[in-house]
Structures are given as C-alpha cells and as structure tokens.
Number of protein chains: 2
Amino acid sequence: MGKGDETRQTILDEALALCSQVGVSGLSIGSLADKAGMSKSGVFAHFGSKEELQIAVMRESQQRFVDIVVRPALKAPRGIARLRAIFTNWLDWTERARLPGGCPMNAAAQEFDDQPGPVRDAVEAGLADGHRLLANAVRMAIEAGELRPDTDIDQFVFEFTGLTLANMQSKRLFKDRDANRRALDAFERLVRDYSPQGKE
Amino acid sequence: MGKGDETRQTILDEALALCSQVGVSGLSIGSLADKAGMSKSGVFAHFGSKEELQIAVMRESQQRFVDIVVRPALKAPRGIARLRAIFTNWLDWTERARLPGGCPMNAAAQEFDDQPGPVRDAVEAGLADGHRLLANAVRMAIEAGELRPDTDIDQFVFEFTGLTLANMQSKRLFKDRDANRRALDAFERLVRDYSPQGKE
DNA sequence: ACAAAAAACGAACGGTCGTGCTAAAAAGCC
DNA sequence: GGCTTTTTAGCACGACCGTTCGTTTTTTGT
C-alpha cells in the first residue's frame with residue numbers, strides 16, 4: 001500500500017516524540033493531530049481507537065530501541081565487548097532516537113503496571129523482549145569464557161537494567177552530567193565481579 | 001485548627017493511594033472526591049488548584065517514605081547494618097504504605113522530568129532529600145570503617161537507587177517473585193565491593 | 001444557646017477528551 | 001480521463017476536566 005501507511009508512519013513518529021514527553025496515557029488524539037498537521041478524525045481513522053494507538057506506539061518504540069541499541073551492538077564481537085556496546089548505546093538511546101522526553105516504554109511500564117489490558121501486555125512484551133536479547137548477550141559472554149560459568153544470567157540482567165534506570169533518573173530529573181560516567185563505572189564493576197579472573 | 005485539617009488529611013490519604021495507581025497527572029479531582037465521599041468543590045476548596053493538590057501529594061508521599069523507610073532504620077547501628085535496613089525497608093515500602101500502585105514519587109519523576117514548574121520542583125526536592133539521607137548513611141558507614149575511605153558516596157547512592165528501581169519494575173511489571181532476593185543479592189555484592197577487606 | 005467562622009455542597013462555565021457519522025478530497029487502477 | 005477505493009475533513013455527541021460562585025450545612029468560640 002501507499003499513502004496510508006506513509007502518513008501512518010508520520011503520525012507514529014510524532015506520537016512517539018509526544019508520548020515520550022506526556023506519557024502514553026497523557027497522549028491525546030487532538031494534540032497529536034495538531035503536531036501532525038491533520039484533523040482529529042483523520043488521525044483517529046488510522047488506529048480505530050485510542051488503545052490501538054497506544055499499542056502501536058509501544059510497538060514502534062520497541063522496534064526503534066532494537067534498531068538503535070541492539071542492532072548496532074551486534075557489530076561488536078560476542079562477549080563483554082558486545083555487552084558494553086549494548087550498555088553504552090542504551091545510556092543515551094532516547095537522545096539518538098529524538099525522543100525528547102525519555103523512554104516511552106519505561107514510562108508506560110510505570111503507568112500501566114497495575115492496569116491490566118492489551119496496552120500493559122504490549123509494554124510487558126516489549127520490555128521482556130529487551131531482557132531476552134540482553135540475556136542472550138550475557139549467555140554468549142559466558143560461553144566465550146569472559147564471564148564465570150555459574151553467572152546467574154537473570155541476576156546480571158536485573159542489575160544491568162537497574163543501572164539504565166538509575167541513569168535515566170539521574171540524567172533526566174537531576175540533570176546530572178556525570179550520570180553516564182557513573183553508569184559506566186558501575187557497569188565495569190559489574191562485569192569485573194562476574195568475570196572469571198576477577199575477585200573471589 | 002480542627003475539622004478542616006482532619007478531612008484534608010483524609011483526602012490526602014486517598015489521593016496518595018489513587019495517585020499511586022493513575023499517576024500524579026492522571027489523578028483527577030472528581031474521582032478523588034468520589035473516593036473520599038465528598039463533593040468535587042469540597043475537595044477543591046482544600047487545595048485551591050490542582051497543582052497545589054499535586055504538590056501536597058508529593059510532600060505527603062515524601063513524608064510517608066521517611067516514616068516507613070528511613071526512620072525505622074535509624075534503630076539499626078550506624079554502618080552497613082543501617083544501610084541494609086534502609087534497603088530492605090525500601091524494597092517493599094509501597095506495600096507497607098498501602099500504596100497499591102507503587103511509589104508515587106518515582107512515577108511522578110518520570111511524568112514531570114521535562115515539565116518545569118512547582119510540581120517538578122517538589123518531586124526533585126523529595127527525591128533529592130532521599131538521596132541526601134542515603135548519602136549520610138553511607139558516610140557513616142565509611143566513618144565506621146565498614147566501607148572503604150575512598151568510597152565515592154554519590155556513586156554508591158547511584159547504584160543503590162538503581163537496585164530499588166529495578167526491583168520495582170521487576171516486581172510490579174513482571175510480577176517476579178524473586179525480585180526482592182535479586183535486589184538483596186545485588187546489595188550484598190555492592191557492599192562487598194566497597195568494603196575495606198573485600199576484593200581488590 | 002447563639003452568633004461568627006469555617007467547611008462542604010450543588011450547579012454551572014468553557015474546554016478537551018474519545019468516538020461516531022457523513023461528506024469531500026485524494027490516490028490508485030483501467 | 002473516468003471510476004472505484006482509500007484517505008482526510010467537518011461536525012456533533014456525551015462524558016469528564018479544572019474552576020468559580022452563591023448557598024447551605026457544620027463546626028467553633030463565648
């Protein structure tokens with residue numbers, strides 16, 4: 001198909017940027033239509049309901065995350081190098097993705113964590129997918145002998161994501177210019193703790 | 001004063017619970033009035049504007065956090081024991097505070113991080129205060145000789161809060177029953193890394 | 001008990017929300 | 001170029017939003 005999908009993509013781009021600032025439930029069809037230079041019903045027709053729009057935004061966010069954070073990191077060799085590439089890409093992925101208000105998915109996770117429904121499902125699926133990709137990278141690092149064989153993969157992922165969350169809060173709320181450095185230092189400490197020739 | 005402040009407190013209690021579920025910007029005066037069994041204008045009169053209500057909720061949230069997380073931990077001796085007490089209290093403080101939807105302050109931090117104004121200021125002040133209290137506890141642990149003298153306090157706080165954030169996401173979005181254990185394991189590893197007789 | 005003050009109510013306002021429905025415009029196809 | 005299909009606009013709807021105002025109820029002080 002032609003024109004339809006094209007403007008749908010345009011709308012989604014605007015929706016993602018807007019959503020990053022006001023949240024996925026704060027995103028309204030009227031304001032989105034203004035940003036996209038369209039009528040309210042014109043935007044509406046592309047999704048059929050607000051819920052479908054929200055789900056589409058989450059999916060788009062997930063895909064863009066993969067494109068910006070995960071895919072480029074695959075050029076790094078398997079092991080800690082690739083883990084580090086994922087991590088550094090993660091730290092400022094929202095800026096590279098032109099999302100002025102931070103990660104829409106993480107924001108949505110907070111908004112919808114106790115609001116069952118398809119939107120929540122999409123958010124959970126999106127973040128779970130990220131964790132799965134990350135877990136795979138950790139497993140490869142273990143297989144490459146760069147992390148201890150008895151490394152608890154889920155534990156590693158848990159701490160890894162904790163650092164990205166702390167980084168976002170530090171950077172966005174406290175405008176801390178040292179946030180990235182702090183996160184990177186913590187990452188290196190994390191890797192060192194789980195490395196075979198490391199301490200213990 | 002009498003009756004006024006009393007019902008104001010009742011309203012704030014309901015507001016906190018409601019806010020934890022729908023977020024601080026999703027909280028509406030109408031629904032809050034329903035929960036409190038009052039009229040919309042009756043609730044409104046106590047705060048004068050929605051913004052003032054939001055600020056009041058943030059302040060109340062902060063105070064309750066101190067009451068539930070920080071104050072009880074002061075019974076533990078200075079040092080790592082107290083840090084651990086703060087941490088464990090932190091992990092499930094929202095349940096003990098009867099906040100069914102998670103920490104309102106953290107949610108607000110995401111919603112308002114790029115929306116300047118008094119609400120954002122209140123959020124930042126509240127979280128900064130928490131960080132300050134935590135930093136003090138870390139400093140005491142250093143002075144007690146239980147953490148290395150060259151410990152970067154802000155770095156420690158950064159990683160500490162990262163664990164609490166990961167814990168909340170794990171628990172609330174993924175319903176992970178191992179979240180607390182994961183967080184505690186990570187905490188012990190964190191402390192060990194910065195302890196004088198630890199590795200390195 | 002009674003007057004003064006405080007607090008809660010009820011109705012109304014202009015706005016915006018999501019969502020239908022119908023008509024106009026644009027795009028795709030022969 | 002005309003015809004069909006797709007895409008967009010315009011308008012209206014009921015619901016809820018924050019806020020204002022005048023009235024009524026409740027509390028307070030004496």
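Values below: every heavy atom of this structure, side chains too, minus hydrogens, waters and symmetry copies. Numbers restart at 1 for each chain; the letters A, B, ... are given by sequence-line order, proteins then strands.
In terms of phosphate contacts, B:H46 brings a side-chain nitrogen or oxygen within less than 4.0 Å of OP1 or OP2 of C:dA8.
Within the 4.0 angstrom heavy-atom criterion, no nucleotide atom of any strand lies near B:A45.
To the nearest angstrom, P of C:dA6 lies 18 Å from CZ of B:F47. Separating the CZ atom of B:R8 from the P atom of C:dA6 is a distance of 16 Å, rounded to the nearest angstrom. Distance, A:M38 CE to C:dA26 P: 13 Å, rounded to whole Å. Look at CD on B:E52: it is 14 Å from C1' on D:dT19, rounded to the nearest Å.
With B:Y194 as the fixed residue, the ring-ring contact (aromatic ring centres under 6.0 Å, His included) test singles out one of B:F160, B:F156, B:F187: B:F156.
Hydrophobic clustering (ILVMFWY, side-chain heavy atoms < 4.5 Å, transitive): B:L83 and B:M140 are in distinct clusters.
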> Taking it one step at a time, do B:R64 and B:D67 satisfy salt bridge (Lys or Arg N to Asp or Glu O under 4.0 Å)?
Replying inline: CA-CA 5 Å; B:R64 204 171 289 193; B:D67 286 346; over 6 Å; no
> Does the salt bridge (Lys or Arg N to Asp or Glu O under 4.0 Å) test come out yes or no for B:R8 and B:D5, once each step is laid out?
Replying inline: CA-CA 5 Å; B:R8 187 190 145 105; B:D5 294 7; over 6 Å; no
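In this model, a donor atom of one side chain and an acceptor atom of the other lie less than 3.5 Å apart for A:H46 and A:T7.
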> Which parts of nucleotides 13-20 of chain C does protein reach within less than 4.0 Å, heavy atoms only, written one letter per nucleotide 5' to 3' as B for base, S for sugar-phosphate only and - for none?
Replying inline: ----SBBB
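Under the 4.0 Å criterion applied to side-chain N and carboxylate O atoms, B:E124 and B:R120 are assigned as salt-bridge partners.
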